[in-house]
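I'd like to ask you about the structure that follows.
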Amino acid sequence: MAFADPKEQLEVIKRGTEAIIPEEELLLKLEASKENDRPLKVKAGFDPTSPDLHLGHGIILKKLRDFQALGHEVLFLIGDFTAYIGDPSGRSETRPAISREEIIKNSRTYERQVFKVLDKKKTQILSNSRWLSNLGSEELLGLTSLVNVSRILDRDDFSKRYKEGISISLREFIYPLVQAYDSVQMHCDVELGGTDQTFNILLGRDFQRHYGQSPQVGVFLPILEGTDGVKKMSKSLGNYIGLDESPQDIYGKVMSISDELMWRYYLLLSARDEKEIRNLKTGHPMDAKKALAREIVSWLHDSQSALEATRDFETKFSRRSFPEDTKEKIYTARSRKVVDLVLDVSDSVNTKGQAKRIISQGGLVINGEKYTDPNSEFPESTALELKIGKKEFLRVAIKEAS
RNA sequence: GGGGAGGUGGCUGAGUGGACAAAAGCAGCAGACUGUAAAUCUGCCGGCGAAAGCCUACGUAGGUUCGAAUCCUGCCCUCCCCA
């Protein structure tokens, strides 16, 4: 296929990135690629430490997608071996160990989620255990001699931990080395990652050079803040929006971010150009937020689901009435108390204490009526509409216990 | 190898024999307010129980005691200093 003009390609690639190191080299690579009619190999690696990818990963996937649209080849690396080591990047403590089974399970879910964004035909999925689990100690030692301790301690996250007297395990020092070694094995031209990956990705350049390869170019993307607006989006902080979540959940979570954060999300996740965004800023913030939520849902699902999620949200919150596609549940009445009803039927309530708390604080509405006494009885009807807290809506069919 | 300091609820962190299901802050949840939010305010925030109360929990395993997060011993883990 014919590649576009390298300079134009570079412009597309640059959009939304934080840094390209070194930029001139990328241009050279793009030129060579066009000349030889050979696509660039673009790497991005994710460690399957949790079953869900989120919008933070989404930013990187989007950029990979850009590369694909320009005709390049994406090597999507599942860090099933590196997950086992635990990436210390940006961490203030050692990652908890994760079991093999979990890693395998998570890897599978990644493959599915990734293709919500990437073009299957231009993507190769690789696992680094393929070469890392057979890496001999001799070779590993060879890698360790390529890096100086002082250089590794220069890293912000390490030096901070060191100064604060927080433990650093030797295995964490190994992590950047094997990530860099991945690039050697994969012969990458480009590696994408968040800015927290700077050290690891640049180390890949040194390693490739050492192995006689032309060093990869690092393309760095901004780190997305989580829904709390302060910390980086991550599963362990619980402030994430998963790529795999339902349209309703994604929509709702986007709507729950602050106005300020919304503009950051626009910048990093929306396809809209600056002019459009500026235009939205003059309107009502809620409309802008709805537009963003809708855009993100249609990106991860489709426009039909986005429309439905919009409607659902409006009935639920703006009009505070019952959504159409409410979950239906059957409750086999072991008692007539509302606490038991809530406990058995709700997905979000797990203990009786929690059920009592929600009820006594006014979070339970049955058929439009508030129930504040946990021990009161629900009405004698075979079908009830429950609202539990602000987010959970249920239609419950009552079945008498036999 | 030697010496010292520690390990408390999701997190930070107080508590040094009974008043401790354990201060305070953060996070979370509910309510009010609103433009969905955010911010703010109010309340809740181990489990079971209508309640009285019971059970589980202060790294882990034992012990002392009428009574232990608090004292003793072994073990595990972390940090600092020296070698």
Side-chain angles (χ1 to χ4, degrees), chain A residues 50 91-97 158 160-172 225-241 247-266 280-297 306 309-321 323 334-340 342-344 346-366 369-377 386-393:
Chain A
S50 116
R91 291 222 141 213
S92 54
E93 57 194 280
T94 313
R95 243 175 218 281
F158 280 143
K160 216 167 145 193
R161 278 165 68 178
Y162 188 69
K163 272 188 215 123
E164 287 171 11
I166 298 165
S167 74
I168 305 171
S169 149
L170 193 52
R171 79 159 33 191
E172 295 179 74
E225 291 83 358
T227 48
D228 60 325
V230 185
K231 297 186 203 115
K232 88 173 204 188
M233 183 174 283
S234 92
K235 165 88 178 181
S236 50
L237 294 171
N239 61 359
Y240 71 105
I241 301 178
Q248 282 80 5
D249 285 342
I250 295 172
Y251 195 97
K253 282 189 181 183
V254 174
M255 289 307 282
S256 80
I257 64 176
S258 71
D259 289 353
E260 202 186 333
L261 184 63
M262 159 171 75
W263 300 118
R264 174 92 176 141
Y265 276 32
Y266 257 115
L280 281 164
K281 279 190 184 172
T282 60
H284 195 294
M286 189 173 73
D287 293 329
K289 209 176 283 176
K290 280 182 176 171
L292 176 67
R294 198 162 153 182
E295 184 182 346
I296 291 175
V297 175
T310 308
R311 275 206 221 105
D312 183 73
F313 185 85
E314 282 169 358
T315 47
K316 246 191 222 171
F317 296 100
S318 308
R319 261 176 270 136
R320 288 169 198 274
S321 54
R334 61 180 162 103
S335 89
R336 297 215 63 86
K337 286 185 190 171
V338 290
V339 234
D340 295 320
V342 169
L343 180 62
D344 286 3
S346 164
D347 295 321
S348 57
V349 177
N350 302 315
T351 67
K352 203 159 182 173
Q354 204 183 351
K356 279 190 199 167
R357 206 168 88 212
I358 289 178
I359 295 166
S360 54
Q361 295 186 140
L364 174 68
V365 177
I366 301 178
E369 218 173 299
K370 216 177 238 193
Y371 283 72
T372 50
D373 179 2
N375 293 314
S376 58
E377 301 193 341
L386 303 205
K387 182 183 176 220
I388 303 164
K390 41 184 138 184
K391 292 186 201 102
E392 200 172 11
F393 291 80

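Sequence lines set the chain letters: A, B, ... in the order given, protein chains first and strands last, and positions in each chain run from 1.
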Checklist entry - Where is the tightest heavy-atom contact between A:Phe317 and A:Lys390, given as atom of each residue plus distance? => result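 Closest heavy-atom pair between A:Phe317 and A:Lys390: CE2-O, 3.5 Å.
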Checklist entry - If we only count heavy atoms from C-beta on, is the A:Lys352 to A:Asp340 side-chain gap below 4.5 Å? => result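 Of all side-chain heavy-atom pairs linking A:Asp340 with A:Lys352, at least one is under 4.5 Å.
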Item to check | Nearest-Å distance once atom P is located in both B:G67 and B:C77 | outcome: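 One P to the other, the span is 32 Å.
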If you restrict it to nitrogen or oxygen atoms, what contacts under 3.5 Å exist between nucleotides 43-46 of chain B and the protein, and what is each distance?
from: B:G43; atom 1: N2; to: A:Gln361; atom 2: OE1; distance (Å): 3.2
from: B:G43; atom 1: N2; to: A:Gln361; atom 2: NE2; distance (Å): 2.9
from: B:G43; atom 1: N3; to: A:Gln361; atom 2: OE1; distance (Å): 3.1
from: B:C44; atom 1: O4'; to: A:Gln361; atom 2: OE1; distance (Å): 2.9
from: B:C44; atom 1: O2'; to: A:Arg357; atom 2: NE; distance (Å): 3.2

Next on the checklist: For a quick check, with a 4.0 angstrom heavy-atom cut-off, what is the B/S/- contact string for nucleotides 76-83 of chain B, read 5' to 3'?
Outcome noted: --SS----
Checklist entry - Think A:Lys289 forms a cation-pi with A:Tyr265, using NZ or CZ under 6.0 Å from the six-ring centre and within 45 degrees of its axis? => result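 No, cation not above the ring by the 6.0 Å, 45° rule.
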Protein-nucleotides 33-36 of chain B N/O pairs closer than 3.5 Å?
from: B:U34; atom 1: O4; to: A:Arg320; atom 2: NH2; distance (Å): 2.7
from: B:G35; atom 1: N1; to: A:Asp259; atom 2: OD2; distance (Å): 2.9
from: B:G35; atom 1: N2; to: A:Asp259; atom 2: OD1; distance (Å): 2.9
from: B:G35; atom 1: N2; to: A:Asp259; atom 2: OD2; distance (Å): 3.0
from: B:U36; atom 1: O2; to: A:Met255; atom 2: O; distance (Å): 2.2
from: B:U36; atom 1: N3; to: A:Lys289; atom 2: NZ; distance (Å): 2.9
from: B:U36; atom 1: O4; to: A:Asp259; atom 2: OD1; distance (Å): 2.9
from: B:U36; atom 1: O4; to: A:Lys289; atom 2: NZ; distance (Å): 3.0

Next on the checklist: Say we look at B:A52 and B:C44: how far apart would their P atoms be, to the nearest angstrom?
Outcome noted: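 Approximately 16 Å lies between the P atom of B:A52 and that of B:C44.
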Next on the checklist: If you assign A:Lys231 and A:Asn375 each to the RNA chain B nucleotide with the nearest heavy atom, which residue ends up on the more 5' nucleotide?
Outcome noted: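 Upstream on the strand: A:Lys231.
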Checklist entry - What is the distance from CG of A:Asp340 to C1' of B:G49, rounded to the nearest Å? => result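 So the two atoms are 12 Å apart, to the nearest Å.
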Checklist entry - If the P atom of B:C45 is compared with that of B:A51, how far apart are they to the nearest Å? => result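 Rounded to whole Å, the distance is 13 Å.
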Next on the checklist: Return whichever of A:Asn350 or A:Ile358 has its heavy-atom-nearest nucleotide of RNA chain B closer to the 5' end.
Outcome noted: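 By nearest-heavy-atom nucleotide position, the 5'-most residue is A:Ile358.
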Item to check | C1'-based separation of B:A14 from B:G4 [nearest Å] | outcome: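 Pairwise C1' distance, B:G4 against B:A14, rounds to 23 Å.
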Next on the checklist: If the cut-off is 4.0 Å, is A:Lys352 near the phosphate of B:G49, judged by side-chain N/O to OP1 or OP2?
Outcome noted: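 Checking A:Lys352 against B:G49: at least one side-chain N or O falls below 4.0 Å of OP1 or OP2.
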Item to check | 4.5 Å side-chain heavy-atom contact, A:Asn375 and A:Val339 | outcome: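 With C-beta onward as the side chain, the pair touches.
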Checklist entry - Looking across every strand, which nucleic acid part, if any, lies under 4.0 Å from A:Lys337 by heavy atom: base, sugar-phosphate, or nothing? => result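 The residue A:Lys337 makes sugar-phosphate contact but no base contact.
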